[in-house]
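Heads up, the thing below is written out as structure tokens.
Letters A, B, ... are given to chains in the order of the sequence lines, protein chains preceding strands, and every chain is numbered from 1.
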Amino acid sequence: MIRTHEAGTLRKEHAGQKVTLAGWVARRRDHGGVVFIDLRDASGSAQVVFREEDHAHDLRAEYCVKVTGEVRQRPAGNENPDLPTGEIEVVASEVEVLSESAPLPFPIEGSSGVSEEARLKYRYLDIRRQRIADALRIRSQATYLANEVMRERGFVYVETPNLTRSTPEGARDFLVPVRLQPGNWYALPQSPQLFKQLLMVSGLERYYQLARCFRDEDLRADRQPEFTQIDIEMSFVDQDDVIELGEALIGRIWKETLGYELPTPLPRMTYAEAMARYGSDKPDLRFGVELTDLTDYFSGTSFRVFQAPYVGAVVMPGGASQTRRELDAWQEWAKSRGARGLAYVLVQEDGTLGGPVAKNLSETELAGLAEATGAKPGDAVFFAAGARAASRDLLGAARLEIGRRCDLIDESQWSFLWIVDAPMFEEDGEGGWTPVHHPFTSPKPEWADTFQDNPGEALAYAYDMVCNGMEIGGGSIRIHRAEMQQRVFDVLGISKEEAESKFGWLLEAFKYGPPPHGGIAYGWDRVCMLLAGGESIRDVIAFPKTASGFDPLSGAPTPISPEQRKEAGVDATPKGDRPEPAAQQS
RNA sequence: GGUCCUGUAGAGCAGUUUGGAGUGCUCGCCACCCUGUCAAGGUGGAGGUCGCGGGUUCAAGUCCCGUCAGGACCGCCA
């Protein structure tokens, strides 16, 4: 090794030892006759002292250097109790510049903000910064822990293909042209869903993988075109078994990275309850502010707007003192979400009700409103009326916005829960049904025989783990009987031929004694983002892409040359003697 | 596909409302001074296509139109 010690590990016990360090010049404090360098390596940093004969004057920020010198306790009064190495310093006797650094595009040390674009373009420098380096380390630690838990429980790590077949359901696929078979295309997997079910047919019984997944959809702070899941599947289990495993996995990770004891078993809430109380299938329980259903309350109202299939409300504490401008801003906010507006009533300090909606309500309606919604003097009550799902969505979003604006969210808190009993199907807007989860999700046992008769009410054997208002994992018990699978396809309007063409390879496998099985997948980037305290999954991805899918570092994606285009067979027509590739969704 | 915010020196910002010479702040950079700092300090200096294109105007960083890039959100993401 070039060095004998790591800078961040030096303590006063090392005093008197001759050491050689290697790292980067983090900070330079040049006093002319004496120069201090903070030498940073992966372990931390230590102060190196140079005397004038040492030529340290020419060292610059982020030069990569090797320093030999003697560790000594700092002179009395010069200790720095804020630093782990603050009791010692290294008196340099030799210094070698291993490589110089050009002036930096942004500061490595210090906490000043830097644009996302600059950070991604020079991501390798961004990772030198403490915050990102820490985030990547905590991700690594979490990954080790996950592997430990899975190993202890006898799971088999299996890698599934990244070059695979396009799947017709779900997200848009990334496609890869195939030179050997011009006109035919691989798809990158949206998840290893079908392969992991095949591995259950194979009898592995317990499978897991840190799987790369690819989805060609628009990006968000918590979405990248490629991302990682911890993908898990188990045979001969029911929902409680998978939930127990999920809690053991997340519990170990939170305990050993953050020292947080997961309060297991985690609370479970049905999808229906979550939607009714919080207007969300991933409620943030770090604060209260629940929705109230006022449909019955306003069932006889003469106010036309509230003559709707659903009327609900959410209370903004202290909201009555908002200015006209702030209340107007709520209208704009609601419109930006596709609503017509956000009706409101202000509860004045004397208990009277104000706001434009109040005069449309009857004496009786006004009299009981505060009690019905739980509003107190000084609060504002926001209403949504219309279709139930859309109205609850709006109120749920308003609830989160209230939480943010009123600073009701305790950021130091962890709120974990399971959302269970999601519906199997939802209306696709064209008179048909579409799966809420995916078409291989089993109904709950009580719906096993009858789901096809009431598709809108049938409950799925599915579960999502929610943390701080974010879905971090989700899974289900799968269908393993052909007869039941056929009934699901019938509800979805998928013909036998269509099912054969799209999923034939899975259905074929399921002819050979498939075991009952189920699983779960955790969004690993989101999990690590929560552990690292980040705002975006980009914080825990070494080389992420921008919101338009561009990588400012490598410049990807790029056009291809006409030669590449020809060779890849991008424009070729497939030969007819192959099975029809699954139709692409546009 | 849509809505909103942002774009001014290497970095972070102010200036845009009410048009008047690239006017300014913090950090960094370069040179010099400085023997106990740890966000060291001091003196001096360099550094600008105000994202890009067009328009209005005697005059545009500032107003208008378009466009590009980044970010947030809606749609979308089983």
Query raised in the report: When you check every protein heavy atom under 4.0 Å of nucleotides 27-36 of chain B, what one-letter string (B, S, -) results, 5' to 3'?
Result: ---SSS-BBB
Query raised in the report: Once each nucleotide of nucleotides 2-8 of chain B is scored for protein heavy atoms under 4.0 Å, what B/S/- sequence comes out, 5' to 3'?
Result: -------
Suppose we screen for side chain to side chain contact (heavy atoms under 4.5 Å, CB included). Which residues come up paired with [X], at least two apart in sequence or across chains?
X: A:M234; result: A:F155, A:R206, A:I232, A:V237, A:V242, A:L245
X: A:Q331; result: A:L342, A:Y344
X: A:F227; result: A:C213, A:R215, A:Q229, A:D525
X: A:E116; result: A:R119, A:L120, A:R538

**Report entry** RNA chain B: 5'-proximal contact among A:S548 and A:R220 (nearest heavy atom)
**Finding:**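 Its nucleotide being nearer the 5' end, the pick is A:S548.
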Taking any heavy-atom pair under 4.0 Å as a contact, classify [X]: base, sugar-phosphate, or nothing.
X: A:E471; value: nothing
X: A:G113; value: sugar-phosphate
X: A:E332; value: nothing
X: A:R215; value: base

Query raised in the report: Is any side-chain N or O of A:R27 under 3.5 Å from a base N or O of B:rC38, one able to act as donor and the other as acceptor?
Result: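 Donor-acceptor pair under 3.5 Å: no.
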Could you list the residues that satisfy side chain to side chain donor-acceptor pair (under 3.5 Å) with [X], not counting sequence neighbours?
X: A:D134; answer: A:Q130
X: A:T85; answer: none
X: A:N468; answer: none

Query raised in the report: If we ignore angles and hydrogens, is there a donor and acceptor under 3.5 Å between the side chains of A:Q190 and A:R172?
Result: no
